Amino acid sequence: MKKQYDSKESEKKWKNYWEKNKIYKFNPNSKKPIYSIDTPPPTVSGKMHIGHAFSYAQQDFVVRYRRMQGLNIFYPFGTDDNGLPTERLIEKEKNISAQKLGRKEFIKICLQTLEKELRPKYIQDWKSIAISCDWDIFYTTIDKHSQRISQKSFLDLYKQKREYRKRTPFMWCPECQTAIAQVELEDKEKDSQFIYIKFQTSLNKPITIATTRPELMPACVAIHVHPDDKRYKKFIGKKAKIPFFNREVEIYANKDVDPDFGSGAVYHCTFGDMDDAEWIEKLKIKPIEVMNKDGTFNAKAGKYENLNSKQARKEIIQDLQEKNLITKIEPIHHVVNTHERCGTEIEILMTDQWFIKYLDLKKEFLKQGSKLNWYPKYMKNRYDNWVKGLKYDWCISRQRFFGIPFPVWYCNNCNEILLADEKQLPVDPLIDKPKPCPKCKSKEFTPEKDVLDTWATSSLTPQITASLFPKLSKKLYPSTLRPQAHDIISFWLFNTVAKSYLHNKKNPFKDVVISGWALDPKGKKMSKSKGNIVEPQEMIQQYSADALRFWAASSKLGEDLSFQEKELVAAKKLVNKLWNASNFSFSHLEDYKTKPKKLETIDLWLLEKLNELVKECTEAFERYEYSKTKIETENFFWNTFCDYYLEIIKDRLYNPDKRGKQQKLSAQYTLHISLLTILKLLSPITPFITEEIYQHYYAKKEKCKSIHISEWPKFNKKTTKTEIGDKAIEIISKVRKIKTQNNLSLKTPINLTLDKKDEKLLKPILEDLKAVTNAEINFGKFNIEIV
RNA sequence: GGGCCUGUGGUCUAGUCUGGUUAUGACGUUGCCUUGACAUGGCAGAGGUCGAGGGUUCAAAUCCCUCUGGGCCCACCA
């Protein structure tokens, strides 16, 4: 072994070795029980960020443990690279506009850029932190296979009458120019103005409304007041005149109105929010649609045509002020709904969209959620919370280019919805053709241009991966494990459970392991704008991938972890310590062959401690609590093993003539076993250094190609308490203290008097004690005398 | 407004579910030790009202209640 461990060289070497020797290969023919992982497909975004490194490392810990338990691991890898996020990334990277380029050309560029530039580079980052996927089982959410599964899902749900297309007011992002779903909303606090506006009425008395969106005046269709509001009772049923627009609207009684908010009178526009849409439907009012898809106003807005909301608001306030129609302007701090991808305030537009009907299934979804094994348990609350708060059916159509197309055409003659044949999939309705209309036999049709919401596909990952092995699909689906971070419980987890229920009436996975977030050193969220981003690639350069993983292992399951560079420093030191301790051990194990007839007392004690450690680590891993394994093993290795045990056995190892050959053999045996065990316990967390050391010595002995497919240490369920080692440590510690207090080297010889009452207990380890403390030992009253 | 998590020496943290001798470890800090794996080391020291208050108990960091700081998710009045 080299004197120094070179992590860069070593990590590269073993990464290649694992790939070449297919260490992580899934074996479809094996009879071993399968452990399958529904790996999160990361959204292709240029570079892996520290949050990825954090959560993928954590799932890899538990997978590596299961692999060593002898399970047949099905650990695929996918990338999520269709839909809005990818479009936005490629528009930015290539400095192009999807709208300007047109669909065909844009899709071509997306596919090419993904294939040749983004994806291959991106995946390397995951390989560099030793994610032990079977990289041969690879999918992307835009590939033909995923398209087929996703379109098949659409057809199935349509046939179940779970999908419908409807022209309806729905949430719309004017920046991305597409409809979005409830889950894509993000709250943003904003300072704005609350404008009080006077409306003339048929009562010849004015009524004052309050609004944050005066620019929607041209779309005002009604005014609402509470039926019991004394101020306004008289107005009910009367008409109000809209300033600038020669129109009158009715004043309605509406129990939804809060008399204490604003002026107590609401002006009702098309559409300020989703409630406006509800009122319109309820009262059968004719909407006035004033907004274009890009968020600007159309001709119905009169002089405000072509302006966007912000510009129109400024102008209309000015105009109203000139006419003296504004009675008050209040500053207001309120919450607006924005699109989580771009931060743009959403609008409500009347458009044709596809929906999955599922609000009627809330109860069933809650039941499905409670059937999952949640780690940690409390994360289920977030799921329940989300399901209970669902208000709208799932809008799955997006008015974008790069995504999975709907397998749908519309008959030009009779408007019938024409579905693709399942055998035809995947189809692109813009290129492929349907069979003649079954109703009217027409061959004229219009293709659906919209694409599916990216979550409509990524919610099928268990089915996508399981169907790659058709013969095994029943064993692979449901998956054993769904690992993911808590921020996408409402997105990915819920959608997957929902789809799996809709299709198969069962859960898509059994265990759910939720990881937290990587935060900056102060515990704040990392973001580019704050400039507190930590680049995992740089940390790997500086400290090694093992060190980065070691840091990731310090988080308790489900909890956020602030990034601490000192953890990486500590990890690097641990790696170094492992190297040196192994170096020392192997130099004394060259002539080691078999177990001795009898083990020394202190060796028995260490092995018992080791047994306890294995028990604890195994039980912790069974509960997915990798951090406990990390802490316990690190402490045992550094403290018990290195600081005490190695010092105790040195004399036996170096001086067999004096101490006896059997005594040396006992130490060798214990050393052999305990180091191997430590390496194995740590191997899921730091796979590179443990492999490097294993290959130096143990691989041949165990006739195993890699520590990562070697057997996880077994333990005796019965642990027997032996106090002898703890007593030894106590004595050694006292001796060291005296020597240190006297500024002496620990080698300094002493006369040690031990308590008479301990004589019987300590007799078996007397020689070891003598050697490690460099003492002459007597019994009497405890005393340390420097010679 | 609803739900959930969280507050331990200067910093990060174990322990909390299953209450029990001087509260774990790391970083930092102080002093010493160049000892035959390792100075990226070893040994020892200083440093803690376990967020605050109340309760249960022989006994509380741990269980219960109230308050308070931090965080996350959800809802929201135009």
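Proteins come first, then strands; the chains are lettered A, B, ... in the order of their sequence lines, and each starts at number 1. Note that the structure is a prediction, hence the values are computed from the model and not measured.
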In terms of side-chain geometry, is the basic nitrogen of [X] or [Y] positioned less than 4.0 Å from the acidic oxygen of its partner?
{"X": "A:R652", "Y": "A:D603", "value": "yes"}
{"X": "A:E345", "Y": "A:K190", "value": "yes"}
{"X": "A:K2", "Y": "A:E9", "value": "yes"}

Per [X] side chain, nearest of listed nucleotides [options]:
{"X": "A:F261", "options": "B:C12, B:C77, B:C43", "result": "B:C77"}
{"X": "A:N635", "options": "B:C73, B:G25, B:C27", "result": "B:G25"}
{"X": "A:L746", "options": "B:C43, B:G3, B:A78", "result": "B:C43"}
{"X": "A:V335", "options": "B:C76, B:C74, B:G42", "result": "B:C76"}
{"X": "A:S562", "options": "B:A44, B:C12, B:C73", "result": "B:C12"}

Report yes if the distance between the aromatic ring centroids of [X] and [Y] is under 6.0 Å, otherwise no.
{"X": "A:W517", "Y": "A:F54", "result": "no"}
{"X": "A:H334", "Y": "A:F194", "result": "no"}
{"X": "A:H268", "Y": "A:Y252", "result": "no"}
{"X": "A:Y5", "Y": "A:F688", "result": "no"}

Base, sugar-phosphate, or nothing for [X], non-hydrogen atoms under 4.0 angstrom?
{"X": "A:N774", "result": "nothing"}
{"X": "A:C642", "result": "base"}
{"X": "A:T212", "result": "sugar-phosphate"}
{"X": "A:S733", "result": "sugar-phosphate"}
{"X": "A:H268", "result": "nothing"}
{"X": "A:E625", "result": "nothing"}
{"X": "A:D187", "result": "base"}
{"X": "A:K3", "result": "sugar-phosphate"}
{"X": "A:W638", "result": "sugar-phosphate"}
{"X": "A:N381", "result": "sugar-phosphate"}
{"X": "A:N743", "result": "sugar-phosphate"}
{"X": "A:K628", "result": "nothing"}
{"X": "A:K524", "result": "sugar-phosphate"}

Atom-pair distance ([atom1] on [X]; [atom2] on [N]), nearest Å:
{"X": "A:N337", "N": "B:A78", "atom1": "CG", "atom2": "C1'", "result": "13 Å"}
{"X": "A:L744", "N": "B:C43", "atom1": "CG", "atom2": "P", "result": "17 Å"}
{"X": "A:L390", "N": "B:C74", "atom1": "CG", "atom2": "C1'", "result": "11 Å"}
{"X": "A:E559", "N": "B:C72", "atom1": "CD", "atom2": "P", "result": "15 Å"}
{"X": "A:D487", "N": "B:C73", "atom1": "CG", "atom2": "P", "result": "8 Å"}
{"X": "A:W551", "N": "B:A26", "atom1": "CH2", "atom2": "P", "result": "21 Å"}
{"X": "A:E647", "N": "B:C33", "atom1": "CD", "atom2": "C1'", "result": "13 Å"}
{"X": "A:K573", "N": "B:A26", "atom1": "NZ", "atom2": "C1'", "result": "10 Å"}

Rounded distance in Å between the [atom1] positions of [N] and [M]:
{"N": "B:G71", "M": "B:G55", "atom1": "C1'", "value": "29 Å"}
{"N": "B:G15", "M": "B:U21", "atom1": "C1'", "value": "16 Å"}
{"N": "B:C43", "M": "B:A60", "atom1": "C1'", "value": "35 Å"}
{"N": "B:A61", "M": "B:U24", "atom1": "C1'", "value": "12 Å"}
{"N": "B:A59", "M": "B:G1", "atom1": "P", "value": "38 Å"}
{"N": "B:G7", "M": "B:U56", "atom1": "C1'", "value": "23 Å"}
{"N": "B:G28", "M": "B:G3", "atom1": "P", "value": "44 Å"}
{"N": "B:C73", "M": "B:U66", "atom1": "C1'", "value": "25 Å"}

Taking OP1 and OP2 of [N], is either one under 4.0 Å from a side-chain nitrogen or oxygen of [X]?
{"X": "A:Q182", "N": "B:A75", "result": "yes"}
{"X": "A:K391", "N": "B:C76", "result": "yes"}
{"X": "A:K737", "N": "B:C32", "result": "no"}

In the structure shown, which nucleotide is the Watson-Crick or G-U wobble counterpart of [N], with both distances under 3.5 Å?
{"N": "B:C63", "result": "B:G55"}
{"N": "B:U18", "result": "none"}
{"N": "B:G7", "result": "B:U68"}

Check: Which residue, A:S587 or A:Y644, contacts RNA chain B at a nucleotide closer to its 5' end, judged by nearest heavy atom?
Finding: A:S587
Note to self: Pick the closest RNA chain B nucleotide for A:H486 and for A:N639 by heavy atoms, then say which residue is nearer the 5' end.
What the structure shows: A:N639
Margin query: Could you report the tightest heavy-atom contact between A:K615 and A:K717, atom names first, then the distance?
Written below: CE-O, 3.8 Å
Item checked: Heavy-atom closest pair, residues A:E11 and A:S544 -> OE2-CB, 3.2 Å
Next item on the list: Please state whether the base of B:U40 and the side chain of A:K577 form at least one donor-acceptor pair under 3.5 Å?
Entry: no
